[in-house]
Amino acid sequence: MNFNTFKDRMLIISIVLIVSVLLLLLDSIGAIGALYDITALATVPLRVELHDRAIKVNDFLGIIGKISLLQEENDKLKKENTKLFEEIATLKELRIENTNLKKQLGIPEKIEGEITQARVIGNAIALNNSIQINVGESNDVSQGDVVVFGKYAIGIVQRVESYNSRISLVTSPTSNIPVRGQKNRALGLIAGEVGNTMRMSNILPGEIVEEGEIILTSGVESEFPSGLIIGKVTSITKNPANATQEAEVEIQIDLSRLDYVYVIRGQS
Amino acid sequence: MVIQIVLITISIVILELVSNEIILLQYFNFLVILINLLYWFRRFNIAIICSFIAGILLDLIVQNPLGKTTFSLFIPILVTTLFDNIMQVESRVNRVAFSLISATFAIFISEVLFKLIFWDGEIVLVAIIKEMLYSGVLLLILHILLERVLMKKEERSLLRKR
């Protein structure tokens with residue numbers, strides 16, 4: 001490479017870098033939101049379709065990979081199903097009782113806030129524990145809104161444009177959600193770890209957490225309303241450094257295969 | 001050349017469908033590798049134009065801060081251009097080595113430095129290492145493919161003689 005070519009290349013690269021920094025600055029003050037909106041309008045329909053197909057291909061490949069384990073899994077599920085029928089019957093009775101009690105005490109029946117249905121348009125779970133959905137400011141979604149799937153906590157709206165939003169998932173290592181055990185009511189903080197596991201920490205020494213116990217959001221000083229499911233405890237460890245306990249929690253939902261989620265607006 | 005591009009595109013679509021990750025352009029490492037290789041195969045102008053457009057599109061689609069990808073891509077290219085001028089990288093081995101260094105640094109800047117400076121999400125070490133490993137393998141495969149397409153016959157025979 002002669003000196004002139006080298007000089008030209010360095011100049012072009014420097015210009016690109018300066019433009020990049022300028023764009024970063026403009027983005028940080030929210031001056032180029034329209035560009036994101038135009039891109040979303042042009043790409044969201046295609047991405048919805050692509051995401052659907054990706055889930056189908058994954059399901060198909062998953063079946064091929066697990067074909068030998070299917071019989072065993074089927075037997076296990078049948079047993080679980082029988083057990084769940086019993087639990088559903090008990091729960092139906094409890095729900096009626098609970099509704100009647102709530103009416104008498106004047107407690108609202110549903111989670112506060114408006115609910116908006118959204119399609120998942122892509123996921124970057126492996127890379128940064130986030131998914132993207134096809135609703136945004138135009139649907140009154142705002143930063144900090146809670147995203148759920150049924151009774152499962154999914155995440156928080158991290159970045160919002162007019163027609164799409166990015167959700168930081170509960171499995172993010174920085175999530176730190178206040179939670180409690182369903183059975184023994186032990187309080188703690190939960191954050192994501194590698195894979196599908198999460199770690200519940202800051203459990204006081206006197207509190208009891210059991211293996212298999214369901215962990216729910218506590219709703220205390222958190223965007224998440226109380227009672228949303230986070231996962232199931234798989235193991236418990238004592239932390240000798242600060243005398244607290246820690247529990248490993250496995251999330252019960254496959255976040256990479258979500259197609260529809262619900263945004264609870266007005267929680268933030 | 002057209003057949004090679006079609007093959008590369010099909011392989012990206014398959015990767016996308018199999019891995020169920022965000023979209024084709026989510027493969028930041030793929031983009032990094034391609035740009036680096038184009039650069040080292042002396043397709044400088046194409047590399048600059050493609051990487052700038054692709055980088056901006058990637059940020060807009062995946063809702064990254066705009067300019068993050070181009071910034072992460074071009075810092076290593078700036079440094080390696082500087083070294084190239086000093087060391088006059090000509091052999092095949094050196095080109096691959098320089099591309100590997102460049103790609104690794106681009107991922108490092110995008111996933112570690114950038115997140116630390118701008119507090120843009122958390123650092124997931126396993127994902128970063130995985131991304132770097134993918135880059136290494138894809139880079140070697142694409143290097144062989146592009147060498148056949150982009151390098152002139154004389155240049156190739158000259159390299160073999162060396």
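The chains referred to below are lettered A, B, ... by the order of the sequence lines, with proteins before strands, and numbering in each begins at 1. Values below: every heavy atom of this structure, side chains too, minus hydrogens, waters and symmetry copies.
When the candidates A:Ala40, A:Ser20, A:Ala42, A:Ser14 are compared by the number of heavy-atom contacts under 4.5 Å with chain B, A:Ser20 comes out ahead. In terms of non-hydrogen atom pairs under 4.5 Å with chain B, the most contact-rich of A:Val21, A:Val16, A:Val120 is A:Val16. Highest contact tally toward chain A, considering only B:Leu82, B:Leu78, B:Thr70, B:Ile75, is held by B:Leu78 [criterion: heavy-atom pairs under 4.5 Å].
Listed here is the closest heavy atom pair of B:Pro65 and A:Leu24: CB-CD2, 3.8 Å. Between A:Asn164 and B:Gln63, the shortest heavy-atom contact is O-NE2, 3.4 Å.
Using a 4.5 Å heavy-atom cutoff, the side chains of A:Leu23 and B:Lys68 are not in contact.
With values rounded to the nearest 0.5 angstrom, A:Ile12 atom CD1 is found 9.5 Å from B:Phe74 atom CZ. Taking CG of B:Asn64 as the start and CZ of A:Arg166 as the end, the distance is 6.0 Å to the nearest 0.5 Å.
Residues meeting the side-chain contact (heavy atoms from CB on, under 4.5 Å) test with B:Leu60, sequence neighbours left out: A:Leu35, A:Tyr36, A:Thr39, B:Ile56, B:Leu66.
Looking at A:Ser28, there are no atoms closer than 4.5 Å to chain B (heavy atoms on both sides), in backbone or side chain. Looking at A:Asp37, neither its backbone nor its side chain comes within 4.5 Å of chain B, counting heavy atoms on both sides. Contact of A:Val19 with chain B is made through the side chain alone, with heavy-atom distances under 4.5 Å.
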